[in-house]
2 protein chains.
Amino acid sequence: MPTRTAAQQRDEARWAYDAFLAQCPTRDLLDTLADKWTCLVVAALRDGDRRYSDINRTVAGVSQKMLTQTLRGLERDGLITRTVTASVPVRVDYDLTPLGRSLLPVMAAIKAWAEANMDEVQAARRSYDAQAA
Amino acid sequence: MPTRTAAQQRDEARWAYDAFLAQCPTRDLLDTLADKWTCLVVAALRDGDRRYSDINRTVAGVSQKMLTQTLRGLERDGLITRTVTASVPVRVDYDLTPLGRSLLPVMAAIKAWAEANMDEVQAARRSYDAQAA
DNA sequence: CCGGATCCCGTGCGATACTG
DNA sequence: CAGTATCGCACGGGATCCGG
């Protein structure tokens, strides 16, 4: 006897999220997560809370606009917390939430893959570009 | 006795890739990998080679331009192969290379994370948006 | 000075139409 | 079937200005 009937499996499939579907809300979420700055910002918070300027220094080359925008989005999605300390000058700290921390291994994996396979990719590019001639 | 001298460690650090650095070539690679279409296309090839139109159907909502562009980029980077069968009509198959297949778990993990945590993210968004009022 | 909001321009995405 | 070509517009992103 099957644990689920065919009808139950259909119902489940109907409501399950699937990012392959254009209208699925996970498509938008995927677009947010699969982003260079999101990946680097989350990775930058791996060791706990950090100041805005600290993140800005770690993620070299990010503009203030994109950093703020990325941090706001991550905060809205419940992945990071934003803590303002009213001092002079103002101090703002960011940290991963448990939810955000669960995403950290995934983001770190992309960054690590890129760093580990850069040589092979560059070799492939040279080969491809030579072929195109 | 240390396995590496301080000088050797400096040399190694000097040449190691680090995507946090703006000028590191891995930054560009990361920008390519951390992309919605790249993630979905690689995930779509998880079960082996597939035709262009097949991928187009699986990755719902992708434009021909972006699909072709993404496939070309992945081919150039040595992540997928492109096989043309001269028939009428023409048949083109794509498949992951061993290098591309090593990336598959990472890409699948992002997609799976989004699907698994969509509810929690949506709850966080509602909470954040209510707060903003 | 730190954190961030605003302005403005170029890139690049997506819709549509066309081709071997 | 598997692309290429063209165009309009939104969005990314740097420069610049603002509050505390």
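Note that the structure is a prediction, hence the values are computed from the model and not measured. First the proteins, then the strands, lettered A, B, ... as listed; each starts at 1.
Remark: B:K111 fails to qualify as a cation-pi partner of A:Y17 under the 6.0 Å distance and 45° angle criteria applied to the six-membered ring.
Axis deviation across the helix from C:dC1-D:dG20 to C:dG20-D:dC1 amounts to 30°, comparing end segments of five pairs, rounded to 10 degrees.
With values rounded to the nearest 0.5 angstrom, B:T81 atom OG1 is found 7.5 Å from B:D49 atom CG. The CG atom of B:N117 sits 11.5 Å away from the CD atom of B:Q122 when rounded to the nearest 0.5 Å. Note that the OG1 atom of B:T32 and the CG atom of B:L74 stand 8.5 Å from one another [nearest 0.5 Å].
Looking at residues 61-82 of chain B, you'll see B:Q64, B:T68, B:R72, B:R82 sit with a heavy atom under 4.0 Å from some atom of DNA chain D. For DNA chain C, the residues of residues 29-59 of chain B within the heavy-atom distance limit of 4.0 Å (strictly under) are B:W37, sorted by number.
In terms of the salt bridge (Lys or Arg N to Asp or Glu O under 4.0 Å) criterion, A:R27 has no residue partners (sequence neighbours excluded).
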Without placing hydrogens or testing angles, list every side-chain donor-acceptor pair under 3.5 Å for residues 97-106 of chain A, not counting sequence neighbours.
unit_1, atom_1, unit_2, atom_2, d
A:T97, OG1, A:G78, O, 2.7
A:T97, OG1, A:L79, O, 3.1
A:T97, OG1, A:L99, N, 3.4
A:T97, OG1, A:G100, N, 3.0
A:R101, NH1, A:R46, O, 3.4
A:S102, OG, A:L99, O, 2.6
A:S102, OG, B:W113, NE1, 3.1

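Listed by first and then second residue, the side chain to side chain donor-acceptor pair (under 3.5 Å) pairs that reach into residues 63-72 of chain A are A:Y52-A:T68, sequence neighbours excluded.
At a threshold of 4.0 Å, the pair B:D93-B:R51 does not count as salt-bridged, since none of the basic side-chain nitrogens sits closer than that to a carboxylate oxygen. A salt bridge links B:D129 with A:R76: the closest approach of a Lys/Arg side-chain nitrogen to an acidic carboxylate oxygen falls below 4.0 angstrom.
What you find for B:E115 and A:D18 is that their closest heavy atoms are OE2-CA, 3.4 Å.
At the phosphate of D:dG3, OP1 or OP2 sits under 4.0 Å from a side-chain N or O atom of B:Y94.
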